[in-house]
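Worksheet for the structure shown next.
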Amino acid sequence: MFQIQSHALRPLTTAHLAQTMTLLSMTADELRQEIEAELSTNPALEMVEERRCPTCNRLLPPHGSCPMCSCPKSDDSEEPIVFISPREDFTPRSDRYEDNAPEIDQPAMGADLPTYVFRQIAPELAEEDRPIAAFLLTRLDNDGLLSVGIDETVRYFHVLPSRVENVLSIIKRANPVGVGSRSPQEALLVQIELLAENKYIPDFTVEIIMNGMDKLSRHQLTELAHQLNASTRKIQEAVRFISENLNPFPSRSHWGDVRLPSRTAVQVYRQPDIIINYLNNDVNNPLVVEIIMPVYGTLRVNPLFRQAIRQVEPKKKDAWRSDLEKASLLVKCIQQRNHTMQRLMQRVVSIQRVAIVQGERYLRQLTRAEIAVKLEVHESTISRAVSSKTVQLPNGRIVPLSSFFDRSLNARTVLCELISEESKPMSDSELAKLMAKEGFQVARRTVAKYRAMEGILPAHLRNTVSYPV
DNA sequence: CTATGGCACGGATT
DNA sequence: AATCCGTGCCATAG
């Protein structure tokens with residue numbers, strides 16, 4: 001049983017339905033691969049360089065978005081403008097690499113780890129360093145670790161070791177963080193370095209990794225404590241942190257849904273699927289929501305192919321026909337994906353507008369089911385659309401789309417604020433009282449859970465000074 | 001005795 | 001149907 005969408009595009013066949021669902025749950029990057037794969041194997045599908053604005057159907061200039069899109073609702077600054085934004089090269093910060101759009105020759109099928117990483121870092125690399133990066137990336141083992149020595153690379157390219165090191169350090173900071181390290185140890189250290197930018201790292205974490213890997217892997221905590229001259233408690237903290245936040249084998253966190261608690265640095269390196277900004281970057285203007293279509297041009301069924309099929313010899317007719325159907329199915333499904341995403345974001349952004357503008361503590365309680373009712377689609381449709389997508393906010397941060405549906409993110413943000421402003425460490429029950437004053441009624445036990453989620457230590461281990469937010 | 005984490009239960013969400 | 005989340009109860013550490 002499924003609900004029929006209430007508009008012109010309705011799923012007619014089970015194939016259509018199935019493909020709509022898979023496309024919907026894809027990220028922009030995965031969608032790009034899908035399209036490229038189909039494009040290179042299916043002659044019935046073509047891409048034309050013309051771009052039309054999906055909302056007003058006007059022809060767009062070769063670069064940039066449709067300035068006219070705002071026309072229908074330009075005077076209503078409460079309602080966001082949502083549109084599909086076709087782009088070949090999309091980077092998280094549009095102001096950075098605009099002039100040198102990276103030209104990457106891409107293997108047509110399935111983005112393996114090397115390709116995935118290479119795409120991320122290509123803009124950061126000097127032209128002449130790219131072959132080095134490519135060389136290194138092809139020598140990754142199954143765990144995402146480097147299986148070639150620096151010196152070997154140096155000899156291969158006849159360059160200074162420092163240059164190789166430099167390229168490698170860029171690779172290691174790409175997602176999945178730590179790829180291209182030469183040992184699990186090194187990978188962990190890189191991850192810590194990045195996480196330290198906006199998270200608290202427990203004492204002894206680094207020491208454990210540097211000197212106690214063997215004991216760590218055997219869970220000999222007391223011996224670790226002894227060796228490092230620390231209390232077992234602190235060691236426990238650190239070990240827990242390591243197992244919850246770090247990953248010695250970078251490739252394993254790769255495609256598997258990054259199920260980390262929100263706002264960890266790891267996600268910063270993913271490209272967003274949706275970009276929210278103010279119109280013309282002016283805070284007084286309404287919000288503009290771009291849903292990224294990772295292709296430059298318009299995808300359509302080749303009209304010549306459609307005509308030619310009549311004259312083709314009967315032998316090949318079946319093959320041609322199936323190509324044609326596949327092509328038109330893909331086009332339809334993509335349209336439908338866009339349509340759903342557009343309507344979804346329209347709702348979400350207008351509901352969570354305050355949170356987007358003012359910060360996460362103003363997030364409203366929102367469930368996928370609620371949206372599903374309003375849009376008259378099945379709950380699972382929304383689920384798929386929301387999962388594994390990321391949004392870039394006006395302030396440049398990239399967060400998972402699901403955080404707009406996070407029941408407790410607002411409360412956790414307030415909790416973090418309270419703790420970062422505290423003059424002396426407060427116990428969980430004290431915090432619970434303060435939270436209640438702020439309008440967040442939560443049990444003491446829940447405060448403890450939130451703390452854990454945010455990686456904040458309990459009161460008696462907390463230092464009053466210097467707590468990085 | 002207080003603060004905190006583990007376990008498990010029930011209701012909501014997906 | 002499976003999973004997630006807030007909460008209460010209890011054990012344990014300090």
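Naming convention: chains lettered A, B, ... in sequence-line order (proteins, then strands); numbering from 1 in each chain. What you are looking at is a predicted structure, and each value in this text was computed from that prediction instead of being measured.
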Rounded to the Å, how far apart are Leu366(A) CG and dC5(C) C1'? 17 Å
Short side-chain donor-acceptor distance under 3.5 Å, Glu38(A) and Asn42(A): yes
Check whether any side-chain heavy atom of Ile291(A) lies under 4.5 Å from a side-chain heavy atom of Ile274(A), and answer yes or no. yes
What contact category does Ser380(A) fall into here, base, sugar-phosphate, or nothing, at under 4.0 angstrom with non-hydrogen atoms? nothing
dT2(B) P sits how many Å from Glu430(A) CD, rounded? 13 Å
Do Val289(A) and Ile81(A) have side-chain heavy atoms sitting under 4.5 Å apart? no
Side chain of Ala443(A) only, heavy atoms from C-beta on: which candidate in dT7(C), dG6(C), dG5(B) is closest? dT7(C)
Tell me whether Arg337(A) contacts the main-chain N or O of Leu23(A) through its side chain, where contact means a donor paired with an acceptor under 3.5 Å. yes
Leu344(A) atom CG is separated from dT14(B) atom P, nearest whole Å, by 13 Å
Please report the distance, rounded to the nearest Å, between CD in Glu454(A) and P in dG5(B). 14 Å
Taking 4.0 angstrom as the limit, do Arg173(A) and Glu193(A) come out as a salt bridge? yes
Under 4.0 Å between a side-chain N or O of Tyr450(A) and OP1 or OP2 of dG6(C)? yes
Using a 4.0 Å heavy-atom cut-off across all strands, classify Arg384(A) as base, sugar-phosphate, or nothing. nothing
Within less than 4.0 Å of OP1 or OP2 of dG6(C), is there a side-chain N or O belonging to Ser408(A)? yes
Please state how far atom CG in Asp406(A) lies from atom P in dA12(B), giving the value in whole angstrom units. 18 Å
Taken to the nearest whole Å, CZ/Phe405(A) to C1'/dT3(C) is 18 Å
Closest to side chain of Arg407(A), choosing from dT14(B), dC5(C), dA8(B): dC5(C)
Measuring from atom CD of Gln191(A) to atom NZ of Lys172(A), what distance do you get when rounded to the nearest 0.5 angstrom? 11.5 Å
Just how far, in rounded Å, is C1' of dC5(C) from CD of Gln365(A)? 11 Å
Check whether Gln358(A) reaches the backbone of Tyr362(A) with its side chain - one donor and one acceptor, N or O, closer than 3.5 Å. no
If you check the Ala448(A) side chain, which of dG5(B), dT14(B), dT13(B) turns out closest? dG5(B)
Taking the minimum atom-to-atom distance to the side chain of Ala459(A), which one of dT7(C), dT14(B), dT4(B) wins? dT4(B)
Distance check needed: dG8(C) C1' versus Asp428(A) CG, whole Å only. 15 Å
As a test of reading the structure: which of dT7(C), dA3(B), dT14(B) is closest to the side chain of Ser383(A), going by heavy atoms? dT14(B)
Let's see if you can work this out: which of dT14(B), dA3(B), dG6(C) has an atom nearest to the side-chain heavy atoms of Arg368(A)? dT14(B)
Are Met435(A) and Thr446(A) close enough that some pair of their side-chain heavy atoms sits under 4.5 Å apart? no
What's touching nucleotides 9-14 of chain C from the protein side, N or O pairs under 3.5 Å?
none

